J.: 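Dropping the structure in here first, questions after.
Reminder, nothing fancy here: chain letters follow the sequence lines and each chain counts from 1. If you're wondering where the values come from, they're calculated on a predicted model, not measured in any experiment. Worth knowing before you read on, the calculation uses all heavy atoms, side chains too, and leaves out hydrogens, waters and symmetry mates.
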Amino acid sequence: MEFHLKLGIVLSLLVGIIDSTHSSSYSSELGSHRYITEAYFHKHNTIIDQVFQDFITNNLPHDSCEMLQTKHNFIPKLSLLGRNLIGEGSHRRLTSSIKIKIHQEISSNLPSLSCKAIVIERLPSGVFADPFELQHLTQRGVFTDASAFGDTDLESPTIRANRSIIEIHMDLNPKNNNWELKIQLPLHARYAPLGEYGYTRIEFGSPDLFLQCTIEGDPHNKSCLISTNDNDVSLTSSNVASILWEVPSGIMEHTKIVSMITFISAFVSAFSIFIACVYYPNTESYINFKQS
Amino acid sequence: MLEGSMKALNFRSLIIFSAFLRVFLIVYGEWQDTHMEVRYTDVDYLVFSDAAALIVSGKSPYKRSTYRYSPLIAFLLTPNSFIHQSWGKFLFSASDLLVGCFIRKILKLRGVPENLCIYSVIVWLFNPFTFTIGTRGNCEPIVCAIILWVIICLMKGNLFQGAIWYGVVVHMRIYPIIYALPIVIILDPSHFKPNKKPIITNWNSKHPKTHLTLGPTKSFNPFSRSRILFSLTSASVFFLFTGIFFYLYEWEFLHEALLYHLTRTDPRHNFSIYFYHIYLNYERQFSVLEKLVSFLPQLMVQLLLVFRFAHDFSFCFFVQTVAFVAFNKVITAQYFVWFFCLLPLILPWTKMKLKWEGVFCVSFWIGAQLHWLFWGYMLEFKGKQVFLQLWAASLLFFAANTYVMITIILRHTYSPVFNLSQKTK
């Protein structure tokens, strides 16, 4: 499937009042969850792409963006410039270049906003992100916030593991109105199911991108969402090719020979140790040893 | 007198130098962690620290995924949260130095000359595997220190204390359960009489010309006072800790700290010869027969070594541990420390010359490991399909382990720790 077709980017604008209690929470529909994905898992146990899309479409607040949209004609332009998989082997980095632009003339009329970009990666089966590594990156200031949801077991092979979702939050500098972000997400391959050719292909879908902004000093405690489905949000995605990861997998044909030689080796070694113990010299050598 | 104090000074200088080296590595590790992408600190240390922080906040350490140890370790590391995050590294490195002191103590008790003691201690203190493992925050030095302390207790005839620590260490790491059988064998009533210390065979003494004692003697009494005291005390301590932590953390503790280690079959690549076999068969369940067959070589070798060398129990523990690791279904580099701490205890009795047999053994073992690491690198970091080559490298490493173990056995001078001639008196 073409990447841009799969790219169901939703641009949401979530506006709230900065105060001590509501500074970073979403609307009541999402409860007090810090992450959108957290709210999804509050309702669902597994990751089904369509269910997730429906959740984003139906459960994020849609109806209260009028002030920014009608009064200030606030229409940010969000572009996914490129995606890439860097590195070799089982540990790679998925990079996403994102461009967010607010037109200068429009933005000058805007009230003071503080915004952050939110990237949601629904990882395909067979790869995972280490939640503790994400935590480490957050502590180092690489991300504002990042968390993994779903099956985050680091050790399960693909056949025993479910999918997971990564949500990354990045603060945007309020002095600009033209942001370019390059997000690098460290990923790890699980042990792939057995195959015939020695490699398993993993194909990445598109990320979901959000922009969350907060009006400073707004007396109304309102929040809103604008998505790409709404006519008044501009979205582009170009130069985005499909991303593939080939993970080495065990070859089924090896099973018999490997099992046989493994057990023969174990028994041969055990037998050699037995022989060594049987032919082990007795204590006479002790005296010789002392005398030498 | 002067000579004695010079030697003590030598040992003290060795420990002080080792301590400085470890402090330097811990400080360097802090720097690397903050400035470089690749951490110096072991991933497990972060797990311990998180588990300890959970305990401080009144929660279960098992809320931290991949924490698969006794809660004791997390308890020991609680100061990580309120003193300094490196507390645990200092604790582990201090245990590492303590192992050095215990090695000297054991060798001294066996009458080994000071210069040989020093050489043996150096093999532990300056082994790159060991000083990096403690400073990176791995808990194994604590386990090693406890095992050596158990050996000291046994040699001094302090069975009650030895049994308590043995119960603790089996609770902490399970694998020392393999020493239970040789311990039961050496707790012979003829060595352990009430209010009397067992007589230790001196390294330098002319040993009576006796045949190799094979395991338990003919008059073996499993219900002797010393055996019952040791077994009941260590079992009680083990079950006491297990009971307390089961009460506190319920099934999560049993699953993560005990059952996981007993049933672990990891399909991901590791040094074990079994890894590819496990991966290839992971999609189906292993039958009971298959599990038994895969455990049989391990069981046979353990029993054989115990019955052959139990009375020379430092050596017995060493070869048992090498065999246990070599035949295990999962092998990681940290397991090597389990036998590295026992290696210095057997060196004064080996006839193996460093030139060139010793050099060859070390080179073969390290070479086979480096060869494995090359294929491991190709698979993990280059993404090449080299499972077969990696498995063959595991077989070669297994062959190296077997060869080195057999050479060590053949070059070892059998020397029962307790003076067997007592029995005839």
J.: Side chains of His277(B) and Ser259(A): do they bring a donor and an acceptor to under 3.5 Å?
T.: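 Yes - a donor-acceptor pair under 3.5 Å links their side chains.
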J.: Under a 4.0 Å N-O cut-off, is there an ion pair linking Arg160(A) with Glu283(B)?
T.: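 Salt bridge flag = no for Glu283(B) with Arg160(A).
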J.: Would you find more than 12 non-hydrogen atoms of other residues, nucleotides or ligands less than 6.0 Å from Glu246(A) atom CD?
T.: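 More than 12 heavy atoms, drawn from other residues, nucleotides or ligands, come within 6.0 Å of this atom.
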J.: Would a 4.5 Å heavy-atom cut-off, applied to side chains only, mark Phe307(B) and Cys277(A) as touching?
T.: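 Of all side-chain heavy-atom pairs linking Cys277(A) with Phe307(B), none is under 4.5 Å.
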J.: Check each atom of Phe398(B) against the heavy atoms of chain A and say whether the ones under 4.5 Å are side chain, backbone, both or neither.
T.: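 Only the side chain of Phe398(B) comes within 4.5 Å of chain A.
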J.: Assess the residue pair Phe381(B) and His91(A) against the criterion (ring-ring contact (aromatic ring centres under 6.0 Å, His included)); give the C-alpha distance rounded to whole Å, side-chain angles, the decisive distance to 0.1 Å, and a yes or no.
T.: CA-CA 7 Å; Phe381(B) 295 97; His91(A) 314 284; 5.4 Å; yes
J.: For chain B, find which of Ile261(A), Val268(A), Val247(A) contributes the most heavy-atom pairs closer than 4.5 angstrom.
T.: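 The candidate making the most pairs under 4.5 Å is Ile261(A).
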J.: Given side chains that start at C-beta, do those of Val386(B) and Pro248(A) come closer than 4.5 Å, heavy atoms only?
T.: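 Counting from C-beta outward, Val386(B) and Pro248(A) never come under 4.5 Å.
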J.: Taking the side chain as everything from C-beta on, heavy atoms only, tell me whether Gln385(B) gets closer than 4.5 Å to Tyr199(A).
T.: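 With C-beta onward as the side chain, the pair touches.
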J.: By a 4.5 Å heavy-atom criterion (distance strictly below it), what part of Gln139(A) contacts chain B: side chain, backbone, both, or neither?
T.: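 Nothing of Gln139(A), per the 4.5 Å heavy-atom cut-off to chain B.
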J.: Identify whether NZ of Lys or CZ of Arg in Arg64(B) sits under 6.0 Å from the centre of the six-membered ring of Phe132(A) and within 45° of that ring's axis.
T.: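 The answer is yes; both the distance and angle limits are met.
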J.: So which of Arg268(B), Met378(B), Lys382(B), Lys384(B) has the largest heavy-atom pair count under 4.5 angstrom toward chain A?
T.: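 If we count pairs closer than 4.5 Å to chain A, Arg268(B) comes out on top.
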J.: With only heavy atoms counted, which part of Leu305(B) is less than 4.5 Å from chain A, the side chain, the backbone, both or neither?
T.: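 For Leu305(B), the contact with chain A is made by the side chain alone.
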J.: Please report the shortest heavy-atom distance between Ile406(B) and Ile273(A), naming the atom on each side.
T.: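 Where Ile406(B) meets Ile273(A) most closely, the heavy atoms are CD1-N, 4.0 Å.
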J.: Heavy atoms only, distances under 4.5 angstrom: which of Tyr403(B), Tyr377(B), Phe327(B) has the most pairs with chain A? Name it, please.
T.: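 Highest number of heavy-atom pairs under 4.5 Å: Phe327(B).
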J.: Looking only at heavy atoms, what is the nearest atom pair of Tyr279(B) and Gly250(A), with distance?
T.: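 In this case the closest contact between Tyr279(B) and Gly250(A) is OH-N, 3.0 Å.
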J.: Side chain, backbone, both or neither: which part of Phe263(A) has an atom under 4.5 Å from a heavy atom of chain B?
T.: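 Interface part for Phe263(A): side chain.
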J.: Where do Tyr191(A) and Phe387(B) land on the ring-ring contact (aromatic ring centres under 6.0 Å, His included) test, with the steps shown first?
T.: CA-CA 12 Å; Tyr191(A) 253 55; Phe387(B) 283 110; 5.7 Å; yes
J.: Identify which part of Leu395(B) has an atom lying under 4.5 Å from any heavy atom of chain A, answering side chain, backbone, both or neither.
T.: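 Contact with chain A is through the side chain of Leu395(B) alone.
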J.: Name the member of Phe271(A), Trp245(A), Phe274(A) that forms the most heavy-atom pairs with chain B at distances under 4.5 Å.
T.: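 Heavy-atom pairs under 4.5 Å are most numerous for Phe274(A).
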J.: Does any backbone or side-chain atom of Asn401(B) lie under 4.5 Å from a heavy atom of chain A? Answer side chain, backbone, both or neither.
T.: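 Neither part, no heavy atoms under 4.5 Å.
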J.: Relative to chain B, which segment of Ile251(A) carries a heavy atom at a distance below 4.5 Å: side chain, backbone, both, or neither?
T.: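 Looking at Ile251(A), backbone and side chain both touch chain B.
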J.: For chain B, which candidate among Ala189(A), Gly87(A), Ser265(A) shows the most heavy-atom pairs at distances under 4.5 Å?
T.: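 Sorted descending by pairs with chain B, the first entry is Ser265(A).
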J.: Can you tell if the side chain of Thr262(A) reaches within under 4.5 Å of the side chain of Trp391(B), non-hydrogen atoms only?
T.: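 Yes, their side chains come closer than 4.5 Å.
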